[in-house]
Amino acid sequence: MALFRNSANSNKHLYHLFHLQHSRTFVNARVKWVRDTYLDLAVEKEKNLQQIISLKNLFLSQPSKTIPLSSISLHKTLFKLPTTATNFFHKYPSIFQIFQSSKPFPLPQVKLTSQAVTIHNEESKILNSSHYKKDVAERLAKLLMLTRAKKLPLDIIDLLRFDLGLPHDFILTLLPEFPEYFQICNMGDKNSKGCEMFGVELVSWRDNLAMSVLEKKVVEENGGIIPRMPIKFSINLPKGYDLEKKVRIWMHEWQNLPYISPYEDAFFLSPNSDQAEKWTVAVLHELMNLFISKKTEKENLLILGDYLGFGIRFKKALVHHPGIFYVSNKIRTQTVVLREAYKKDLLVERHLLMGMRYRYLHLMNQVMKSDRRYRLRINRGNYKMQ
């Protein structure tokens with residue numbers, strides 16, 4: 001497997017770290033979890049957003065722009081609906097409209113409201129813009145550069161697709177526009193069903209992308225000069241959160257360790273060393289910055305970390321560093337949030353696509369009086385809906 005970043009200076013730097021790496025491990029102290037109401041709110045207000053957008057894309061991919069209600073009911077698990085399809089659509093009457101199809105087979109159908117279609121059309125303009133395509137292509141390229149093999153299986157990319165801001169049909173629409181970046185490859189393995197696994201591979205290493213968000217920030221703050229002092233992570237603990245004294249001492253010393261870029265291959269470090277943990281946090285920090293909402297499901301991170309060879313180190317890093325990462329227990333799962341990216345419950349810097357997603361959220365929270373009419377019309381029919 002190829003090294004992440006390949007240069008003489010880089011290799012000398014890593015060789016020096018190999019001989020100076022600290023072997024001590026995290027102090028034997030309990031780091032308590034404390035609820036952050038603002039970040040919980042940031043997670044909770046996007047409840048069902050991903051399901052809404054997935055269903056929206058499905059409807060608009062149909063020639064009639066409608067789908068039988070019974071079809072959605074049969075695929076409730078596929079779309080991760082928290083309730084029955086009927087109840088889900090009735091919960092968001094500003095997004096979905098249930099109606100009876102014309103005779104001779106008057107069956108309940110579902111379509112998008114005109115408001116939802118309007119937002120979709122505006123969103124499509126963003127997705128089709130050259131600026132957006134270049135941005136999301138670079139995000140995907142940087143994700144692949146964080147892997148030793150410079151490639152990832154399609155099923156893992158699909159887990160992160162929504163968070164990366166990739167189009168739902170990125171294989172057909174985005175990848176062909178960037179042949180100098182990506183190619184579809186055979187991963188050489190078989191999935192649980194015995195089928196060949198395919199993935200996306202980076203065609204060639206891109207030096208212009210091999211600088212982490214943290215490195216770039218530090219360089220900009222120092223007038224384009226890389227400082228000799230250690231690069232430190234931003235620590236943002238909630239009010240009233242008090243670390244034990246020995247944890248604070250450990251954290252101070254840990255912050256002063258050399259910063260290894262996430263685009264370097266530092267797997268040669270002892271996995272239990274503090275230096276290795278700082279590199280693990282650097283990889284996690286960069287990953288979180290690739291996501292347009294600066295958050296993702298914890299399970300997705302752990303699956304990716306396991307594939308990359310980090311094992312349980314991602315999980316340990318999330319526990320050891322509550323001032324960098326917050327784990328929310330809202331909306332039926334655990335969500336990892338990058339603390340520094342938020343001020344209270346709002347993103348400090350909002351990606352253009354997140355602006356459109358907030359438009360959907362606003363529409364989701366609207367209540368239409370006509371919802372009662374839809375319910376009455378369906379309930380009077382002699383149809384059994386799941």
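Along the sequence shown, residues are numbered consecutively beginning with 1. This is a predicted model, so every value here is computed, not measured.
In summary, the aromatic rings of H320 and W33 are positioned with their centroids too far apart to meet the 6.0 Å limit. Proximity of the aromatic rings of Y92 and F96 is defined here by a centroid distance below 6.0 angstrom, and this criterion is not met.
Residues forming a side-chain contact (heavy atoms from CB on, under 4.5 Å) with L159 (at least two apart in sequence, or on another chain): N300, I303. Applying the side chain to side chain donor-acceptor pair (under 3.5 Å) criterion to K134, with sequence neighbours excluded, gives E138. When the side-chain contact (heavy atoms from CB on, under 4.5 Å) test is applied to V213, the partners found at least two apart in sequence or on another chain are E286, N289. A search for side chain to side chain donor-acceptor pair (under 3.5 Å) contacts involving E299 returns nothing, not counting sequence neighbours. Shown here are the side chain to side chain donor-acceptor pair (under 3.5 Å) partners of Q183, two or more places apart in sequence or in another chain: E201.
When all heavy atoms are compared, the tightest approach of V34 to Y326 is O-CE1, 3.5 Å.
Judged purely by atom type and a 3.5 angstrom limit, H351 uses its side chain to pair as donor or acceptor with the backbone of L353. Judged by distance alone, with hydrogens and angles left aside, the side-chain atoms of R350 form no donor-acceptor pair with the main-chain N or O of G355 at under 3.5 Å. Looking only at distances, a side-chain donor or acceptor of E215 sits under 3.5 Å from a matching main-chain atom of S212. A donor-acceptor distance shorter than 3.5 angstrom exists from the side chain of K278 to the backbone of L257, with no hydrogens or angles considered. Side-chain atoms of T83 never come within 3.5 Å of backbone atoms of N87 as a donor-acceptor pair (strictly under, hydrogens ignored).
One hydrophobic cluster, built from ILVMFWY side chains closer than 4.5 Å, holds both V327 and L284. One hydrophobic cluster, built from ILVMFWY side chains closer than 4.5 Å, holds both I126 and L60.
Residue pairs that meet the side chain to side chain donor-acceptor pair (under 3.5 Å) test with at least one member in residues 304-313, sequence neighbours left out, do not exist here.
In this structure, K315 places its NZ atom where only 12 or fewer heavy-atom neighbours from other residues, nucleotides or ligands lie under 6.0 Å away. Other residues, nucleotides and ligands contribute only 12 or fewer heavy atoms inside 6.0 Å of the CD1 atom of I312. No more than 12 heavy atoms of other residues, nucleotides or ligands sit less than 6.0 Å from atom NZ of K47. A 6.0 Å sphere centred on CD of E349 holds no more than 12 heavy atoms belonging to other residues, nucleotides or ligands. Atom NZ of K217 sits in a sparse spot, with 12 or fewer heavy atoms from other residues, nucleotides or ligands closer than 6.0 Å.
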K298 vs F314, test: side-chain contact (heavy atoms from CB on, under 4.5 Å). Steps then yes/no. CA-CA 10 Å; K298 179 181 176 182; F314 270 17; over 6 Å; no
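The pair D135-R139 meets the salt-bridge criterion, with a side-chain N (NZ, NE, NH1 or NH2) lying under 4.0 Å from an Asp/Glu carboxylate O. Between K316 and E277 there is no salt bridge, since no side-chain N of the basic residue sits under 4.0 Å from a carboxylate O of the acidic one. Here E46 does not pair with K330 in a salt bridge; the nearest charged N to carboxylate O distance is not below 4.0 Å. For the pair D163 and K295, the salt-bridge criterion is not met [side-chain N within less than 4.0 Å of a carboxylate O].
Of the residues L166, L304, V200, the one that meets the side-chain contact (heavy atoms from CB on, under 4.5 Å) test with L143 is L304. Checked against W279 for a ring-ring contact (aromatic ring centres under 6.0 Å, His included), the options W254, F268, Y259, F267 give a single hit: F267.
In this structure, R339 forms no cation-pi arrangement with F233, as its terminal cationic atom is not both closer than 6.0 Å to the ring centre and no more than 45° off the ring axis.
In this structure, a donor-acceptor pair under 3.5 Å is present between the side chains of S64 and T66.
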